[in-house]
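The structure appears below as structure tokens.
Chain letters run A, B, ... following the sequence lines, proteins first and then strands; every chain starts at 1.
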Amino acid sequence: MKTEPSDFSIDDLKKARGQTTSWDGVRNYQARNFMREMRVGDEVLVYHSNADPPVVVGVATVIREAYPDHTAFDRKDEHYDAGSTPEDPRWYMVDIRLKQKFKRQLSLPELRELKGLSRMELLRKGSRLSVQPVRAEEWNIILGKTKGKDKDK
DNA sequence: GCCAACGTTGGC
DNA sequence: GCCAACGTTGGC
């Protein structure tokens with residue numbers, strides 16, 4: 001799951017009540033569909049986009065499955081969508097809780113150098129999906145790398 | 001700040 | 001249904 005740290009960072013998640021947040025504001029159908037596939041207990045990588053450098057910063061756990069994103073109903077919200085109503089919601093969100101903030105983060109350039117990630121959605125040219133699937137192999141490579149880096153320090 | 005890639009909108 | 005115009009994302 002991508003987030004712009006200037007908007008909501010992993011440190012914001014860490015400071016949040018219960019280290020928990022609802023992932024509202026997703027306004028892309030594909031991303032929404034991936035969120036609807038999430039199940040309680042699923043783990044997600046948290047990624048800082050539009051950062052310098054962009055980095056994978058940690059892991060969070062899904063603690064509530066998809067439910068209507070009420071920010072779409074709020075006229076004053078920047079993500080308001082008149083096409084989404086409480087009776088017939090178009091947009092959904094999940095709740096996640098911080099599991100782990102990496103001591104050493106993995107930057108996008110570092111990810112590109114890793115073997116076995118060439119098919120990863122995040123690394124595809126022009127990839128903009130803010131919620132995207134991660135294959136088990138990719139997950140293991142990334143987590144293994146953050147552990148290795150932790151030891152190095 | 002630039003711009004490529006992508007999604008959405010709306011005229012036809 | 002096509003596609004040009006437009007807006008957004010996000011790396012660089």
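When the shell of 6.0 Å around CZ of A/R39 is examined, it contains more than 12 heavy atoms from other residues, nucleotides or ligands.
The distance from atom CG of A/L111 to atom P of C/dC12 is 11 Å, rounded to the nearest whole Å. Put simply, NZ on A/K125 is 11 Å from C1' on B/dC3, counting in whole angstrom units. Atom P of nucleotide B/dA5 and atom CG of A/L129 are separated by 16 Å, given to the nearest angstrom. For the pair A/Q132 CD and B/dC6 C1', the interatomic distance rounds to 14 Å; values are reported in whole Å. Taking atom CZ of A/R27 as the reference point, atom P of B/dT9 lies 13 Å away to the nearest angstrom. Taking atom NE2 on A/H79 and atom C1' on C/dT8, their separation rounds to 12 Å, with Å as the unit. Distance A/N28 CG to C/dG7 C1': 14 Å, rounded to the nearest Å. The nearest whole Å value for the distance from the CG atom in A/D52 to the P atom in C/dG10 is 16 Å.
Distances shown here put every side-chain N or O of A/Y29 at or beyond 4.0 Å from the OP1 or OP2 atom of B/dC6. Side-chain N/O atoms of A/R124 include one lying less than 4.0 angstrom from OP1 or OP2 on B/dC6. Between A/K2 and C/dG10 there is a side-chain N or O to OP1 or OP2 distance below 4.0 Å.
The aromatic ring centroids of A/Y92 and A/W23 lie 6.0 Å or more from each other.
A donor atom on one side chain and an acceptor atom on the other are found under 3.5 Å apart for A/R27 and A/T71.
Positionally, the nearest nucleotide of DNA chain B for A/N50 lies more toward the 5' end than for the other of A/N50 and A/Q30.
A/V59 and A/V57 are members of different hydrophobic clusters when ILVMFWY side chains are connected at heavy-atom separations under 4.5 Å.
Nearest nucleotide to the side chain of A/S49, out of B/dA5, C/dG10, B/dG7: C/dG10. Out of B/dA4, C/dG11, B/dG7, the shortest distance to the side chain of A/L108 is found at C/dG11. Here the side chain of A/R112 is nearest to one of B/dA4, B/dG7, C/dG11, namely C/dG11.
One finds no salt bridge joining A/R32 and A/D69 here, because no Lys/Arg side-chain nitrogen approaches an Asp/Glu carboxylate oxygen to under 4.0 Å.
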